[in-house]
Amino acid sequence: LQRSEKGLSNSKKKYGAYIMSQENNAIIPVSKLEEDSYDWWKRHETILQIKDEINPEIVMIGDSITHFWGGEPDDPVKHGGTSWSEVFGDTRVLNMGFGWDRTQNVLWRLEHGEFDRLNPKAVVVNIGTNNFTGTENARASTPDEICEAIILICKKIHTLSPESRIIVMAIFPRGEFPDDPLRSPIFELNGLLAEKLPSLEYVTHLDIGESFIQSDGTIS
């Protein structure tokens, strides 16, 4: 695995024709795309090193919402260490959340060993919100494109661990006010997931978004 800037540059060149194209970039596996407050490559390597020893009963797959909640691999930033302990207790959990990840990053990580040989009872997938944000590295994705990518992620997980129950979280609402530009596409995506995921008998779709929204439609 090359962690050098040269290696990253070559990786981007390899996928560059797709990143900004009109093809569905959400389903094209790609490694690190954005800078964040942590070392993306180091976290990937650490997961490869510890995953078999942990032998997780639960695997959490996602972006910063998952990454900075708690658990292993250890991270100096933990926004919910206490609640993590209350929820999971002594259960063996592997946190495969990566800040700034999109669906295409998760697909790359699944293809590069992070889930190999694991057979957890449950896999919780909470990914897709960052796909709505376009940067110079990747254009924004549509709800249909993100839905297709999430379904593909589920199928890949099921292929790697057929006995695992997959729990797909609906995308959490964003924006303080109900007219925030992201509210509508997130609502559309969640509707697509609710419509399409029941066809996968090994998937449970869980939508807790309403619990974040107050009676006037705002988020505190």
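Atoms considered below: every heavy atom in the structure, side chains included; atoms not considered: hydrogens, waters and symmetry mates.
- With rounding to the nearest 0.5 Å, the separation of OG1 in T103 from CD1 in I27 is 9.0 Å.
- Each of N119, I166, V59, V123 was scored for a side chain to side chain contact (heavy atoms under 4.5 Å, CB included) with S161, with one residue passing: N119.
- Side-chain atoms of R109 come within 3.5 Å of backbone atoms of M96 as a donor-acceptor pair (strictly under, hydrogens ignored).
- Aromatic ring orientation, W40 versus H44: parallel (interplanar angle below 30°, classes split at 30° and 60°).
- Formation of a donor-acceptor pair under 3.5 Å by the N126 side chain with backbone atoms of V168 is not found in this model.
- A side-chain donor-acceptor contact under 3.5 Å links Q104 and N131.
- For the pair V30/L107, no side-chain contact is recorded, criterion being any heavy-atom separation below 4.5 Å from C-beta on.
- Around atom CD of E53, no more than 12 heavy atoms belonging to other residues, nucleotides or ligands sit under 6.0 Å away.
- Residues H205 and A170 share a closest heavy-atom pair of NE2-CB, 3.8 Å.
- Put simply, the side chain of K196 never gets that close to the backbone of G191: no donor and acceptor are under 3.5 Å apart.
- Note on F132: it does not cluster hydrophobically with W100, by side-chain heavy-atom contacts below 4.5 Å among ILVMFWY residues.
- In this structure, P76 and F68 have side chains that are not in contact, with every pair of non-hydrogen atoms separated by 4.5 Å or more.
- Inspection of the N25 and S141 side chains reveals an N or O donor paired with an N or O acceptor under 3.5 Å.
- Within the 3.5 Å criterion, the main-chain N or O of L33 finds a donor-acceptor partner in the side chain of N137.
- In this structure, S220 and Q214 have side chains that are in contact, with non-hydrogen atoms separated by less than 4.5 Å.
- At least one donor-acceptor pair closer than 3.5 Å links the side chain of N95 to the backbone N or O of T66.
- Between the side chains of T135 and E34, at least one donor N or O sits under 3.5 Å from an acceptor N or O.
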Exercise. Checking side-chain contact (heavy atoms from CB on, under 4.5 Å) for the pair S164/K121: CA distance, chi angles, key distance, verdict?
Worked result: CA-CA 5 Å; S164 297; K121 296 177 181 177; over 6 Å; no
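- For the residue pair T142/D144, the side-chain donor-acceptor check at 3.5 Å is not satisfied.
- We find the CD1-OG1 distance between I146 and T129 to be 8.0 Å, quoted to the nearest 0.5 Å.
- A distance of 7.5 Å separates CG in D63 from CD1 in I171, rounded to the nearest 0.5 Å.
- Shown here for A149 and A26, the closest heavy-atom pair between the two residues is CB-O, 3.3 Å.
- Counted by atom type alone, H67 and D75 present one or more donor-acceptor pairs between their side chains at under 3.5 Å.
- At a threshold of 4.5 Å between non-hydrogen side-chain atoms, the residues L160 and R117 do not count as touching.
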Exercise. Step by step, would you call I208 with S211 a side-chain contact (heavy atoms from CB on, under 4.5 Å)?
Worked result: CA-CA 6 Å; I208 64 171; S211 63; 4.1 Å; yes
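- Rounding to the nearest 0.5 angstrom, the gap separating the CZ atom in F212 from the CD1 atom in I219 is 8.5 Å.
- Using a 4.0 Å cut-off between charged side-chain N and carboxylate O, E201 and R165 make no salt bridge.
- Note: the hydrophobic cluster containing V87 also contains M60 (ILVMFWY, side chain heavy atoms under 4.5 Å, direct or indirect links).
- Ring planes of W69 and F88: tilted class, angle from 30 to 60°.
- Taking a cutoff of 4.0 Å between a charged side-chain nitrogen and a carboxylate oxygen, R174 and D180 do not qualify as a salt bridge.
- Every residue two or more places apart in sequence or in another chain was checked for a ring pair (Phe, Tyr, Trp, His ring centres under 6.0 Å) with F187, and none qualifies.
- The residues K156 and E111 are annotated as salt-bridged, a charged nitrogen and a carboxylate oxygen being separated by less than 4.0 angstrom.
- Side-chain heavy atoms closer than 4.5 Å link hydrophobic residues (I, L, V, M, F, W, Y) into clusters, and following such links, even through other members, never connects W84 to I54.
- Here the shortest heavy-atom pairing between D36 and G99 reads OD2-C, 3.5 Å.
- Here the straight-line distance linking atom CZ of R43 with atom CG of D74 works out to 9.5 Å at 0.5 Å rounding.
- The neighbour count for D90 CG, taken as heavy atoms of other residues, nucleotides or ligands under 6.0 Å away, does not exceed 12.
- Ring geometry, Y38 versus F98: the interplanar angle exceeds 60°, so the pair is classed perpendicular (tilted spans 30 to 60°).
- Although no hydrogens or angles enter the test, the distance criterion places a donor-acceptor pair under 3.5 Å between the side chain of N105 and the main chain of R102.
- With a 4.5 Å cut-off on side-chain heavy atoms, C154 and V203 count as touching.
- The minimum heavy-atom distance between I127 and G62, with the atom names listed, is CD1-C, 3.7 Å.
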For this session: Report the C-alpha distance between M169 and V125 in whole Å, list the side-chain angles of each, state the deciding distance to 0.1 Å, and finish with yes or no for side-chain contact (heavy atoms from CB on, under 4.5 Å).
Result: CA-CA 6 Å; M169 304 297 298; V125 178; over 6 Å; no
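- If you chain together hydrophobic residues whose side chains sit under 4.5 Å apart, L152 and L189 fall into the same group.
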Problem set entry | Trace of the side-chain contact (heavy atoms from CB on, under 4.5 Å) decision for I61 with E114 | CA-CA 10 Å; I61 296 177; E114 288 189 13; over 6 Å; no
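- Among all heavy-atom pairs drawn from R139 and E23, the shortest one is NH2-O, 2.5 Å.
- For the atom pair CG of D101 and OG of S31, the computed distance is 10.0 Å after rounding to the nearest 0.5 Å.
- Remark: the backbone N or O of F177 is not paired with any side-chain donor or acceptor of T218 at under 3.5 angstrom.
- Taking all atoms of both residues into account, the shortest heavy-atom contact from G80 to S83 is O-OG, 2.9 Å.
- The hydrophobic clustering, which links ILVMFWY residues whose side-chain heavy atoms are closer than 4.5 Å, places W41 and I50 together.
- Between V93 and P56 there is no side-chain heavy-atom pair separated by less than 4.5 Å.
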